[in-house]
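One structure below.
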Protein chains: 2
Amino acid sequence: MTVTKRASDLVAVPAKPAEQGFVRTYLHYLLAAASDAVLTEFHALVRARGVRVPEWRILACLADEEGQMVTQLAALALMEQSRLTKIIDQMAEKDLVTRRSDQRDRRRVRVYLTKKGRKLAAELIAEARAHEAGIIEQISPDQAEILKGVLARIIDLHGPEARAGDRPSAPTIDEER
Amino acid sequence: MTVTKRASDLVAVPAKPAEQGFVRTYLHYLLAAASDAVLTEFHALVRARGVRVPEWRILACLADEEGQMVTQLAALALMEQSRLTKIIDQMAEKDLVTRRSDQRDRRRVRVYLTKKGRKLAAELIAEARAHEAGIIEQISPDQAEILKGVLARIIDLHGPEARAGDRPSAPTIDEER
DNA sequence: TGAAAGAATATGAATTATCATGTTTTCACC
DNA sequence: GGTGAAAACATGATAATTCATATTCTTTCA
């Protein structure tokens, strides 16, 4: 069972005592706020390069693995499929990516980086790593390792794959490759 | 966990073999993805109650402390001031909050919960705590405690207050009593 | 004391995101 | 082998968000 060793509170109308408040100790909030803090900082660098945030995300995802299909990529990049379709449009316009339809299943559209896209991705990933390194040092590499582990666990348990596999009629993620 | 192997394999571009990829080990991504995972789940409950996500956030923030000014509240809720103004409009429409202008400084607008808003906030906070409890149990309460600590540290170092205080002429947040 | 600078909030046009649905292609199965 | 169901993307109308700026009030200090 859960042992909240803090002051257990009932639904108090005014929040006043020596308490820290719900929000600031709520896991979901802490995750959102930490994410926001760190991203806000880095996104400033991305924009300074003339790149939009959603574009950066796709560049990073594709740098990891090119030729992903739109649906896959959307899940990885934490965005909706229809939005990704539009972002890919823009990126194709700017010659950062190209689409190619899958020959074995012509419903599928696979996305690749262009030369230009690949170069930009590499540069931004370098910046990202540098930014990350600064933070990891601040919070100590050991703690960072633990942090990453727990986060990965949460993603495993509650992320898109978990949610999909959860459902009654297991729809079998037919993973490519 | 069924592994139905369909023969639909297709070779994309040579992807890295035994590597884990940049994205999936990148701190910023892990934070965003964990946050997204957990929030997506909870937000479904919020919407099931007929409440919009941004409204829930404001309810929670105000339940912690009523009478916050718009700017303050926006920073806490991780949203832009102009957006918050509009959300408050809607919430006022629904009789969840009321505005009252500060008598000492009439530029300031302080936001309060209505009776209805307070009740709704309390109910949702209860649900939030329950959802949080489930996750904490999964990842073990000890790890959760550590996690929260590290997240709080990151927020401290990189959050809005840090960014504001960072600037040359530290503008000292003048807190109203 | 009053003019300029700065704070706090509001507003509206322009951009983005979301939702439901359309189109094309493949799958399952009788 | 033909048919209905489902998958993968695209599209377009609607709704939400952002960005720049307007408005109102306060503070500073010459």
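In what follows, chains carry the letters A, B, and so on, assigned in the order in which the sequence lines appear, proteins first and then strands, with residues in each chain numbered from 1. Below, all heavy atoms of this structure are taken into account, side chains as well, without hydrogens, waters or symmetry copies.
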Can you tell me whether the side chain of B:Q81 and the base of C:dA8 have a donor-acceptor pair closer than 3.5 Å?
no
Return no unless some side-chain N or O of B:R106 is found under 4.0 Å from OP1 or OP2 of D:dT24.
no
Measure from CG on A:L84 to C1' on D:dA8 and round the result to the nearest Å.
12 Å
Expressed in angstrom and rounded to an integer, what is the separation of A:H43 atom NE2 from C:dT16 atom P?
15 Å
Lys/Arg-Asp/Glu bridge criterion (N-O < 4.0 Å) met for A:D102, A:R110
yes
Rounded to whole angstrom units, what separation is found between the CD1 atom of A:I88 and the C1' atom of D:dT11?
15 Å
Can you tell me if CZ on B:R100 sees more than 12 non-hydrogen neighbours from other groups inside 6.0 Å?
no
Ignoring backbone atoms, establish whether A:R52 has a side-chain N or O less than 4.0 Å from OP1 or OP2 of C:dT16.
yes
Would you mind checking if B:D89 and B:K86 are paired as a salt bridge, meaning a charged N to carboxylate O distance below 4.0 Å?
no
What about A:S82: does its side chain form a donor-acceptor pair under 3.5 Å with the base of D:dC9?
no
Whole-Å gap separating C1' (C:dA17) and CD (A:E55)
15 Å
What's the CD-C1' distance between A:Q72 and D:dA8, to the nearest Å?
12 Å
Taking atom types as they are modelled, is there a donor-acceptor pair under 3.5 Å from the base of D:dT18 to the side chain of B:K86?
yes
Hey, is B:D156 close enough to B:R153 for a salt bridge, meaning N to O under 4.0 Å?
no
Take atom CZ of A:R107 and atom P of C:dT25, then tell me their distance rounded to the nearest Å.
10 Å
When you match B:V109 and A:P54 each to their closest nucleotide on DNA chain C, which lands nearer the 5' end?
B:V109
Between B:H28 and A:E132, is any side-chain donor less than 3.5 angstrom from a side-chain acceptor?
no
If only side-chain N and O atoms of B:T85 are considered, is one of them under 4.0 Å from the OP1 or OP2 phosphate oxygen of C:dA10?
yes
Nearest whole angstrom, please: distance from the C1' of C:dT26 to the CZ of A:R108.
10 Å
With heavy atoms under 4.0 Å as the rule, sort A:M79 into base, sugar-phosphate or nothing.
nothing
Ignoring backbone atoms, establish whether A:T71 has a side-chain N or O less than 4.0 Å from OP1 or OP2 of D:dC9.
yes
Can you measure A:R100 atom CZ to D:dC9 atom P for me and round it to whole angstrom units?
15 Å
Given that A:R47 and A:R99 both sit by DNA chain D, which one's nearest nucleotide is further toward the 5' end?
A:R99
